[in-house]
Amino acid sequence: MERKVMIQKINARMLHWAEAYMDRIYGPRKRSVFRELPSVIVEIGAGTGANFPYYAPGTRVIAVEPSVPMHAPLKANAHQWKIDLDIRTMMGEEMDLETGSIEAVVGTLVLCSVEDPRRVLSEVLRILQRGGSYIFLEHIAAPPGSRLRGMQNLLQRPWSWITEGCQLNRNTHALLQNAGFHKVDMDCFMLQSSLLPVTPHIFGRAVK
Ligand SMILES: C[S@@+](CC[C@H](N)C(=O)[O-])C[C@H]1O[C@@H](n2cnc3c(N)ncnc32)[C@H](O)[C@@H]1O
């Protein structure tokens with residue numbers, strides 16, 4: 001089996017397996033926002049559907065997910081949580097969605113993994129209606145010069161190799177601030193987790 005497909009399959013299993021843990025660490029924040037989203041949303045890098053429990057039942061989710069091994073657990077979660085699922089096997093950098101057609105886009109733990117986060121954010125801006133929201137939850141780079149940033153820099157290559165390109169030291173907060181949204185609100189927090197290199201996080205909303 002090709003290495004890429006093998007890693008994709010392993011990651012799909014790991015992510016599916018980690019859903020209960022992610023619910024413990026991210027659930028309260030997601031619950032506070034996701035239930036109020038409109039009836040049609042786009043989710044970039046939907047993975048195995050870890051966000052589906054928090055959407056209102058009946059929500060139509062256009063799931064942008066290029067990794068095919070994620071699709072089976074994605075469908076299973078959609079069935080379990082009564083999500084009307086529309087999977088698009090494409091990259092967030094180039095979405096086959098109409099300009100100005102979407103009221104809300106969600107992305108969780110995804111800007112760390114995409115090849116070109118600036119292009120993804122410019123696509124998000126393109127497909128959003130004026131006044132539409134991008135809701136995000138991301139792990140980010142620790143402050144430059146900190147011990148944690150040193151650790152992230154050191155672990156970056158092996159981490160990226162086993163996680164299909166996840167960048168531990170990406171300045172996603174700055175990318176969001178500079179992407180061209182009308183307004184960006186974000187809460188920066190340190191996750192209570194033993195996975196030290198991914199403790200700095202942001203959770204927020206960017207409005208077009
Ligand atoms: C760490 S997982 C997060 C999955 C899910 N959002 C969650 O919170 O559990 C990152 C996901 O982004 C997807 N991904 C990677 N590159 C992508 C891209 N360029 N466009 C869209 N999705 C991408 C991966 O296939 C994977 O499903």
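The shown structure was predicted, so the numbers you read here are calculated from the model rather than taken from an experiment. First listed ligand is number 1; within each ligand, the first listed atom is number 1.
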In the protein, what heavy atom is nearest to [atom], and what distance, to one decimal place, separates them?
| atom | value |
| --- | --- |
| atom 19 (N) of ligand 1 | Glu93 OE1, 2.7 Å |
| atom 3 (C) of ligand 1 | Leu109 O, 3.5 Å |
| atom 18 (C) of ligand 1 | Val114 CG1, 3.6 Å |
| atom 24 (C) of ligand 1 | Glu65 OE2, 3.6 Å |

(request) For Met22 and ligand 1, answer yes if some heavy atom of the residue is under 4.0 Å from a ligand atom, otherwise no. (result) yes

Distance filter under 4.0 Å to [X] heavy atoms, resulting ligand 1 atoms:
| X | value |
| --- | --- |
| Ala46 | 5 (C) |
| Ala50 | 9 (O) |
| Ser67 | 25 (O) |

(message) Under the rule for side-chain hydrogen bond (donor to acceptor under 3.5 Å, both in side chains), what residues qualify as partners of Arg35, not counting sequence neighbours?
(response) none

(message) I need the contact type for Leu15 against ligand 1. Using non-hydrogen atoms and a strict under-4.0 Å cut-off, is it side chain, backbone, both or neither?
(response) side chain

(request) Could you tell me whether Met91 approaches ligand 1 through its side chain, its backbone, both or neither, with non-hydrogen atoms closer than 4.0 Å? (result) both

Ligand 1 to [X] polar contact by distance, N or O atoms, under 3.5 Å:
| X | value |
| --- | --- |
| Lys30 | no |
| Asn51 | no |
| Gly45 | yes |

(message) For Tyr55 and Asp84, which I'm curious about, is there any donor-acceptor pair between the side chains at under 3.5 Å?
(response) no

(request) Ignoring hydrogens and angles, state whether a donor on the side chain of Asn51 or Thr108 is under 3.5 Å from an acceptor on the partner side chain. (result) yes

Whether [X] side chain and [Y] backbone form a donor-acceptor pair below 3.5 Å:
| X | Y | result |
| --- | --- | --- |
| Ser133 | Ile135 | no |
| Lys208 | Leu125 | yes |
| Glu138 | Thr172 | no |
| Glu65 | Gly47 | yes |

Measure from [atom] to every heavy atom in [options] and give the option owning the shortest one.
| atom | options | result |
| --- | --- | --- |
| atom 7 (C) of ligand 1 | Val106, Thr108, Thr89 | Thr108 |
| atom 22 (N) of ligand 1 | Ala63, Pro66, Gly92 | Pro66 |
| atom 12 (O) of ligand 1 | Leu137, Val110, Leu111, Val120 | Val110 |

(request) With sequence neighbours excluded, tell me which residues meet salt bridge (Lys or Arg N to Asp or Glu O under 4.0 Å) with Arg119. (result) Glu94

(request) Nearest 0.5 Å please: distance from the CZ atom of Phe203 over to the OG atom of Ser32. (result) 4.5 Å

(request) Just say parallel, tilted or perpendicular for the rings of Tyr134 and Phe181, cut-offs at 30° and 60°. (result) parallel

